[in-house]
Number of protein chains: 2
Amino acid sequence: MTGLRANNLRPAHECLAQRFQSWSSGEFDLGLCPVRGILDRLGDKWTTLIVIVLAQRPHRFSEIRRSIPDISKRMLTQTLRDLERDGMITRRVFPTKPPSVEYGLTELGESLLEPLAQLVTWAEKSQPKIATARSAFDAAEASRG
Amino acid sequence: MTGLRANNLRPAHECLAQRFQSWSSGEFDLGLCPVRGILDRLGDKWTTLIVIVLAQRPHRFSEIRRSIPDISKRMLTQTLRDLERDGMITRRVFPTKPPSVEYGLTELGESLLEPLAQLVTWAEKSQPKIATARSAFDAAEASRG
DNA sequence: TAGGCCTGGTCTAGATTTTAGACCAGGAAG
DNA sequence: CTTCCTGGTCTAAAATCTAGACCAGGCCTA
C-alpha cells in the first residue's frame, strides 16, 4: 500500500484535478474562471440543443423553432445572438421577398460537436441507470414518509 | 461530385445527426426526450462544477461551499439532492460531535468524468477564440451605433 | 383597396428560478 | 451564558424565462 491505488485507471480524474487546481490556485478564483463562463453558456438549456440542430445543416430562424417546439422566440433570438457573439455560429440575411435569415455553425462551432457528441453518447448510455436510480430514490423517500 | 463531400471528416456530425433524427422521429418529440432531460440537468450551472469538485475526492458540505464560493446553501443542497437522486453521488452521514456529511461520486458519477473532461478541455482550448470573437462582435455592434 | 399571411424579430407581463441571508437544533469551548 | 461549529430549511427579493401580442413590409386574393 503506497497511497497510490489504481492510479492508472483514473485519467479523467487526473485531467479534471489538474484543471481544477490551476483554476483555484491563488491567482484567480473560480468565479472569474473563463472556462466556467463557457460551461455556463453551454448549460443555457437551449444552447446545446441549437448547436445539435445546426450540426445537421444550416437552418433558418423558423426552421429552428420548428425543430425545437418549446423554445420561445425571445429565447431563440437571444441564444442565437449569444452564440453568434461567441463566434460559434454565423448569421446571414438573404434579401428574399420576405427576408430570410440563415444560421450555421462556424469552424469553432463545429469543433464543439465532438465533445458534445461524447456527452450525448454518455447521456444516452446512462439514461437507464439514471432512471433506475431516480425510481429507487423516490421509493426510498416515499417509504421514509 | 456525388453529393457526399468530406464525409469521412465529420464523424461528430454523423453521430449527432443520427441521435437527433432518432429523437425527433415520430414516436417521441424532443420535449420528452430523456437525454435532453439529462443534458438540462448537466447544464444546471452548478452540477458540473460540483461533479468536478467531487472528482478530486469526497467532500463535506462546507468543503464544497468553500470550493465554490458563490453558490448559495439552498442551491448547493438542492443540486446535491438532485445528483443523489440521479445516482451520481452518495451521501454519507457521520455521527461526529457536530454531525458531518460526506458526498462522493458513484461509479455512474465517475463515468461522467471522461466526457466532462473532454468538454472542459475544449472550453480551455477555445477560450481565446471565444474571447476574440466576443470583442470583435461587440466592437462591430458598437460601431453600428 | 382591403384583408390576410408570410418573414424575423421586439416588447411586456406574469410565472418560474436563483440568490442572499436569517434562522434552527444540538454539542463543544470559553 | 454566550459563541461557534455542523448541515441544513425558509422567505423575500432579484434575476431569468415563457407566452403571446405586436410590428414592418412585401405578396396574394378578391
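Taking every heavy atom of residues 76-97 of chain A and every atom of DNA chain C, pairs under 4.0 Å involve Thr77(A), Arg81(A), Arg91(A), by number. For the segment residues 58-66 of chain B, residues with any heavy atom less than 4.0 angstrom from an atom of DNA chain D are, sorted by number, Arg60(B), Phe61(B), Ser62(B), Arg66(B).
With sequence neighbours left out, Glu63(A) forms a side-chain hydrogen bond (donor to acceptor under 3.5 Å, both in side chains) with Arg57(A). With sequence neighbours left out, the side-chain contact (heavy atoms from CB on, under 4.5 Å) criterion links Arg134(B) to Arg41(A), Arg85(A), Asp86(A), Ile130(B). Applying the salt bridge (Lys or Arg N to Asp or Glu O under 4.0 Å) test to Arg60(B) and every residue at least two apart in sequence or in another chain returns nothing. Thr90(A) pairs by the side-chain contact (heavy atoms from CB on, under 4.5 Å) definition with Thr106(A), not counting sequence neighbours. Here Ser135(B) pairs with nothing under the side-chain hydrogen bond (donor to acceptor under 3.5 Å, both in side chains) rule; sequence neighbours left out. Every side-chain contact (heavy atoms from CB on, under 4.5 Å) that Ser62(A) has, sequence neighbours left out, goes to Arg66(A). Partners of Thr121(A) under the side-chain contact (heavy atoms from CB on, under 4.5 Å) rule, at least two apart in sequence or in another chain, are Cys15(B), Arg19(B).
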Nucleotides 11-15 of chain C: which of its N/O atoms have a protein N/O under 3.5 Å away?
| from | atom 1 | to | atom 2 | distance (Å) |
| --- | --- | --- | --- | --- |
| dT12(C) | O4 | Arg74(A) | NE | 3.3 |

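Distance check: Ser143(A) OG to Asp138(A) CG gives 11.0 Å after rounding to the nearest 0.5 Å. Taking CG of Leu105(A) as the reference point, atom NE2 of His59(A) lies at 10.5 Å (rounded to 0.5 Å).
For the pair Ile71(A) and Glu102(B), both in contact range of DNA chain D, the more 5′-proximal nearest nucleotide belongs to Glu102(B). When the nearest nucleotides of DNA chain D are assigned to Pro99(A) and Ser72(A) by heavy-atom distance, the more 5′-ward of the two goes with Ser72(A).
Phosphate contact (OP1/OP2 of dT17(C), side-chain N/O of Trp46(B), threshold under 4.0 Å): absent.
Judged purely by atom type and a 3.5 angstrom limit, Gln118(B) has no side-chain atom pairing as donor or acceptor with the backbone of Glu114(B).
Using a 4.0 Å cutoff to heavy atoms of chain B, the contacted part of DNA chain D runs 5' to 3' from dT6(D) to dT11(D).
Taking 4.5 Å as the limit, every side-chain heavy atom of Leu49(A) sits out of range of all side-chain heavy atoms of Leu39(B).
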Using distance only, find each side-chain donor-acceptor pair of residues 71-84 of chain B under 3.5 Å and give its atom names and separation, not counting sequence neighbours.
| from | atom 1 | to | atom 2 | distance (Å) |
| --- | --- | --- | --- | --- |
| Ser72(B) | OG | Met75(B) | N | 3.3 |
| Thr77(B) | OG1 | Lys73(B) | O | 2.9 |
| Thr79(B) | OG1 | Met75(B) | O | 2.6 |

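In summary, Lys45(A) and Asp70(A) do not engage in a salt bridge, as defined by a charged side-chain N under 4.0 Å from a carboxylate O.
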